[in-house]
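First the structure, in the form of structure tokens, and then the observations on it.
All figures in this text were calculated on a predicted structure; none of them were measured in a lab. Each residue takes its place number in the sequence, starting with 1.
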Amino acid sequence: MQTRIGSVGSLEEGKDPVITTRTSQSKTLPLRALQLFGFFLALCIGFSIISIYTIRRFGIYSTVTTVKSTFVPCAEEPNSLDHWRKPPSSLLHSMSDKELLWRASFVPRIKKYPFNRLPKIAFMFLTKGPLPLAPLWERFFKGHEGLYSVYIHSLPSFKAEFPSSSVFYRRQIPSQVAEWGRMSMCDAERRLLANALLDISNEWFILLSESCIPLYNFSVIYQYIMKSKHSFMGAFDDPGPFGRGRYNYNMVPEVNISKWRKGSQWFEVNRKLAINIVEDVTYYPKFEQFCRPACYVDEHYFPTMLTIQTPNLLANRSITWVDWSRGGPHPGTFGRSDITEDFFKRILEGRQCRYNDQPSSICFLFARKFAPSAMEPLLRIAQKVLGF
């Protein structure tokens, strides 16, 4: 019996130590927890006393309350409609030409806009640097905000210094060197068009130089352009040495000599044709490779391409007046002594052309080339002669 009891006792002994240990821990742990809690409480009280003393002594509280948050909320959600309908807040970007042309070629398939779209004219200035006639253009644009956009393509090294109140302030686009008569000139024009196309409200695109002036006030030009059924680009077949004589038969089959055209560099095109120009990858390689001086590509590339693609949308004339009567590769330049009322009468009066398939006496809206010395007399007679 003692053996059985001992045996049972040995099993019970295996449990008794555990029970004893738990009982001991249950008595020890609350005591340690109370000690830790008391220490933590004392530490908190001490820290609070020190903090209050520091704030009162050194004025930390006032400093903290003046700290401003550096968090800037997004002005608009990337996927909101405003992201697409509003023009870029800055013309500066890091896109390559290839990326820019791709982005500018986006076209909405639904023709009706889901917002109130006020069509604008993009005035695109292709210049080496300064805009000496800027004061005249400032007067021309004044009071017509929201109906126009301005873009400047200059030499990359040129830094404009227009005041913040100027319509030309921060309107330079990322630019590259453009050489007269070479493909880099057409690249500059495509670059201007592509940047202007990023504003969905731009409906017409006018290429100008630093020597161009408007011949009418803004309202007349805006209505004339917006109501036109055609884009204004000269595109005529010149059978002589400076027309067909510049054609290279290596351009077939994309460009046949029967479609070879010549025209003025200065154009006015609508949004559809502007997109045609920036998205072109068919004709560009041919002109880049086979139209080099003495084939001046800026006189042939766009007129020929658009004649092939959309001949019915071209007015086949330019609305930028120039004087070639003096001969040579460049038109005449006009300075201070040339600016008279009779001078403008010769430009504006006694002319006939076609506008929306009807006879019209208004044939030119812009003119060039005007020297910086013409600025003062132009401002003096602008109100009386030009209407602004």
Side-chain angles (χ1 to χ4, degrees), residues 95-105 124 126-128 153 155-156 173-197 205 207 209 231-269 272-318 320 322 324 327-331:
M95 287 185 285
S96 66
D97 277 359
K98 185 176 181 180
E99 294 168 334
L100 174 65
L101 295 175
W102 177 82
R103 173 63 184 86
S105 68
M124 309 179 303
L126 180 58
T127 174
K128 291 182 178 180
H153 187 293
L155 289 173
I173 67 169
S175 306
Q176 297 182 30
V177 175
E179 298 178 275
W180 176 72
R182 297 186 179 273
M183 202 61 178
S184 59
M185 184 66 73
C186 294
D187 291 336
E189 295 169 13
R190 296 178 87 200
R191 203 173 292 123
L192 276 165
L193 284 170
N195 278 277
L197 281 167
F205 305 80
L207 183 66
S209 76
S231 288
F232 299 96
M233 179 173 291
F236 60 93
D237 183 6
D238 179 359
F242 303 113
R244 289 199 178 196
R246 296 173 176 176
Y247 176 76
N248 188 320
Y249 282 90
N250 288 311
M251 303 182 79
V252 294
E254 288 82 3
V255 181
N256 189 283
I257 192 170
S258 64
K259 297 294 184 180
W260 181 256
R261 295 293 184 269
K262 181 180 179 179
S264 171
Q265 174 186 5
W266 313 102
F267 58 75
E268 299 80 18
V269 298
K272 174 178 173 55
L273 297 195
I275 292 172
N276 284 4
I277 291 172
V278 302
E279 72 179 2
D280 174 46
V281 293
T282 301
Y283 305 100
Y284 182 96
K286 291 289 185 176
F287 279 89
E288 182 182 34
Q289 185 174 0
F290 299 115
C291 185
R292 299 183 178 183
C295 176
Y296 299 106
V297 67
D298 52 277
E299 295 181 1
H300 296 282
Y301 173 34
F302 299 152
T304 300
M305 180 187 69
L306 296 179
T307 295
I308 296 172
Q309 291 183 329
T310 56
N312 60 311
L313 298 182
L314 298 181
N316 290 330
R317 67 181 179 93
S318 173
T320 299
V322 294
W324 292 99
H330 300 287

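- Under the side-chain hydrogen bond (donor to acceptor under 3.5 Å, both in side chains) criterion, Asn316 pairs with no residue at all, not counting sequence neighbours.
- Between Leu207 and Thr320 there is no side-chain heavy-atom pair separated by less than 4.5 Å.
- With sequence neighbours excluded, no residue forms a side-chain hydrogen bond (donor to acceptor under 3.5 Å, both in side chains) with Ser231.
- A distance-only check finds no donor-acceptor pair linking the side chain of Trp260 to the backbone of Val255 [under 3.5 Å].
- Under the salt bridge (Lys or Arg N to Asp or Glu O under 4.0 Å) criterion, Lys259 pairs with no residue at all, not counting sequence neighbours.
- For Ser96, the side-chain contact (heavy atoms from CB on, under 4.5 Å) partners are Lys98, Glu99, not counting sequence neighbours.
- Taking a 6.0 Å sphere around CZ of Phe242, one finds it holds 12 or fewer heavy atoms contributed by other residues, nucleotides or ligands.
- Listed by chain and residue number, Asp237 satisfy the salt bridge (Lys or Arg N to Asp or Glu O under 4.0 Å) test with Arg244 (two or more places apart in sequence, or in another chain).
- Atoms CD1 and CG, from Ile277 and Leu197 in turn, are 9.5 Å apart once rounded to the nearest 0.5 Å.
- With a 4.5 Å cut-off on side-chain heavy atoms, Pro156 and Val177 count as touching.
- Annotation: side-chain hydrogen bond (donor to acceptor under 3.5 Å, both in side chains) contacts of Ser209 (sequence neighbours excluded): Ser211, Arg368.
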All N/O donor-acceptor pairs, side-chain side in residues 294-302, below 3.5 Å, sequence neighbours left out:
from   : atom 1 : to     : atom 2 : distance (Å)
Asp298 : OD1    : Gly181 : N      : 3.2
Glu299 : OE1    : Arg246 : NH1    : 2.7
His300 : ND1    : Arg261 : O      : 2.9
His300 : NE2    : Arg246 : NH1    : 3.1
Tyr301 : OH     : Asp280 : OD2    : 2.5

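- Annotation: side chain to side chain donor-acceptor pair (under 3.5 Å) contacts involving residues 178-193, sequence neighbours excluded, comprise Asp97-Arg191, His153-Arg191, Asp187-Tyr284, Glu189-Gln265.
- For Asn250, the side-chain hydrogen bond (donor to acceptor under 3.5 Å, both in side chains) test picks out Asn248, with sequence neighbours left out.
- Residue pairs meeting the side chain to side chain donor-acceptor pair (under 3.5 Å) criterion with at least one partner in residues 303-315, sequence neighbours excluded, do not occur; the list is empty.
- Under the salt bridge (Lys or Arg N to Asp or Glu O under 4.0 Å) criterion, Glu288 pairs with no residue, sequence neighbours left out.
- The side-chain heavy atoms of Met185 and Leu126, taken from C-beta on, include a pair separated by under 4.5 Å.
- Atom CE of Met251 and atom OH of Tyr283 lie 10.5 Å apart (nearest 0.5 Å).
- Every residue meeting the side-chain contact (heavy atoms from CB on, under 4.5 Å) condition with Arg103, not counting sequence neighbours, appears here in chain and number order: Trp84, Met95, Phe106, Leu198.
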